[in-house]
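Keep in mind that what you see is a predicted model, and the values were worked out from it rather than measured. All heavy atoms count here, side chains included; hydrogens, waters and symmetry mates do not. Chain identifiers are assigned alphabetically (A, B, ...) following the order of the sequence lines, protein sequences preceding nucleic acid strands; residue numbering begins at 1 within each chain.
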Amino acid sequence: MAPKMRTRGTTRTLQSSNDEETKTNAHSEDSPLEVGQAVRGKRKGSGKTGKQESSKAKKSPERPQYCHWLMKSEPESRLENGIDVKFGIEDLKTLPNQTGCWDGVRNYQARNFMRDMKEGQHAFFYHSNCKEPGIAGVMKIVKESYVDHTQFDKKDVHYDASSKADNPKWSMVDVQFERMLKRFIPLSELKKIHLQHKVKGGSLNGMALFTRARLSVQPLTSEEFEFVLSLEDNDPL
DNA sequence: GCCAACGTTGGC
DNA sequence: GCCAACGTTGGC
């Protein structure tokens, strides 16, 4: 499976307020349209088409529109309830079409960011909770948010007994491997740059990786995204 | 609605 | 393995 993310928590996080807002829309799952290829065979795809959230939705104060993302997952084996949650970028490459569903996110803020994702946008694949944390590669969002079927699966690590089929709490997106970075960009290097930029100004000044460290799905501004990509051609700091 | 206790994330 | 930071829960 795809235990991708550490969602456990993380992913799911809501930060405070945000989530609440989001939560508000909780019901809005997006539409599950057809199933894409979920990776796991199971995909339950609910077929209902959601019409949308509209209803109540007042979309809160609008959330800024981001179009680049960073998603965390653990590349090294670790048992959670007896189940290995390992899912690194190499695992994504192995799936059919190099595509998988990013299930298991159980944090409202992270979930909301996934709900904001649009097909065709890019996300960094970040390796967390491992020897060398950092950004390994780039993926593309190939299916916008739909119901995360693992919330209803008692056997799944991320089963959520509080989520009901008629009002699912958790969503996921499908992502496709795009490419490895020309070199792995370690967290340690990003951190040094972040600290410099905080002092003198610079693109990584407010990077979510440092300002909201525990969030497993986070947005990047275009400037941040491009800056990180520019590091590929530099020598490691 | 506050807030203390508890649980999780994830770097180190 | 430790533990700081922070989200979540539940009593009141």
Side-chain angles (χ1 to χ4, degrees), chain A residues 1-27 60 63 69-92 102-116 123-137 148 150-151 154 156-164 167-172 181 184-198 204-220 224 228 231 236-237:
Chain A
M1 321 270 238
K4 331 191 132 279
M5 38 270 206
R6 67 188 359 278
T7 353
R8 40 168 86 260
T10 343
T11 322
R12 358 159 136 291
T13 348
L14 65 104
Q15 235 143 48
S16 23
S17 31
N18 276 351
D19 53 352
E20 273 313 327
E21 321 178 342
T22 9
K23 208 172 219 120
T24 331
N25 358 321
H27 60 40
S60 19
R63 359 182 69 245
W69 313 94
L70 179 147
M71 302 170 87
K72 301 178 181 178
S73 187
E74 303 183 32
E76 295 173 5
S77 288
R78 185 175 63 82
L79 298 187
E80 198 171 316
N81 301 333
I83 298 169
D84 192 355
V85 297
K86 168 184 185 295
F87 188 81
I89 197 164
E90 295 301 332
D91 298 300
L92 177 61
W102 205 267
D103 60 27
V105 171
R106 297 293 181 271
N107 169 285
Y108 291 113
Q109 205 174 23
R111 178 202 69 179
N112 294 341
F113 282 131
M114 285 201 295
R115 289 181 176 184
D116 288 339
F124 285 130
F125 195 124
Y126 179 89
H127 281 170
S128 69
N129 208 13
C130 56
K131 260 357 103 23
E132 172 126 76
I135 299 174
D148 177 348
T150 65
Q151 67 197 299
K154 295 193 168 76
D156 194 277
V157 196
H158 302 114
Y159 170 66
D160 182 356
S162 73
S163 183
K164 301 304 173 202
N167 189 13
K169 288 186 177 175
W170 309 112
S171 303
M172 64 185 180
L181 288 188
F184 180 84
I185 310 286
L187 175 65
S188 58
E189 179 172 345
L190 292 169
K191 182 175 288 181
K192 287 176 199 162
I193 295 168
H194 167 67
L195 291 174
Q196 288 173 8
H197 287 192
K198 271 210 302 186
L204 301 193
N205 183 329
M207 194 181 188
L209 194 55
F210 304 104
T211 60
R212 296 150 122 184
R214 297 176 41 195
L215 194 55
S216 69
V217 175
Q218 36 182 268
L220 278 81
E224 288 165 345
V228 171
L231 297 175
L237 251 200

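F125(A) pairs by the ring-ring contact (aromatic ring centres under 6.0 Å, His included) definition with W102(A), H127(A), not counting sequence neighbours.
Aromatic pair W170(A)/Y108(A): ring centres closer than 6.0 Å.
Distance H194(A) NE2 to dG11(B) C1': 14 Å, rounded to the nearest Å. A straight line from NE2 of H127(A) to P of dG10(B) spans 14 Å, rounded to a whole angstrom. Here dT8(B) presents its P atom at 18 Å from CG of L215(A), a figure rounded to the nearest Å. The interatomic distance linking E80(A) (CD) with dG7(B) (P) rounds to 15 Å, in whole Å. Distance CZ (R212(A)) to P (dC6(C)): 11 Å, rounded to an integer number of Å. For the pair K169(A) NZ and dT8(C) C1', the interatomic distance rounds to 11 Å; values are reported in whole Å. Regarding K86(A), its NZ atom lies at a distance of 18 Å from the P atom of dG10(B), rounded to whole Å. The nearest whole Å value for the distance from the CD atom in E189(A) to the C1' atom in dG11(B) is 17 Å.
Among the heavy atoms of the strands lying under 4.0 Å from Y126(A) are primed sugar atoms or P, OP1, OP2 only; no base atom is included.
Side-chain atoms of S163(A) come within 3.5 Å of backbone atoms of K169(A) as a donor-acceptor pair (strictly under, hydrogens ignored).
Salt-bridge formation is not detected for the pair D84(A)/R78(A): no Lys NZ or Arg NE/NH1/NH2 atom is positioned less than 4.0 Å from an Asp or Glu carboxylate oxygen. Note on E76(A) versus K86(A): no salt bridge recorded, every NZ/NE/NH1/NH2 to OD/OE distance being 4.0 Å or above. By the 4.0 Å N-to-carboxylate-O rule, E189(A) lies too far from K191(A) to be salt-bridged with it.
Taking side-chain N and O atoms only, Y108(A) has no distance below 4.0 Å to OP1 or OP2 of dC6(C).
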Nucleotide N/O to protein N/O under 3.5 Å, stretch nucleotides 2-5 of chain C:
{"unit_1": "dA5(C)", "atom_1": "N3", "unit_2": "R214(A)", "atom_2": "NH1", "d": "3.0"}

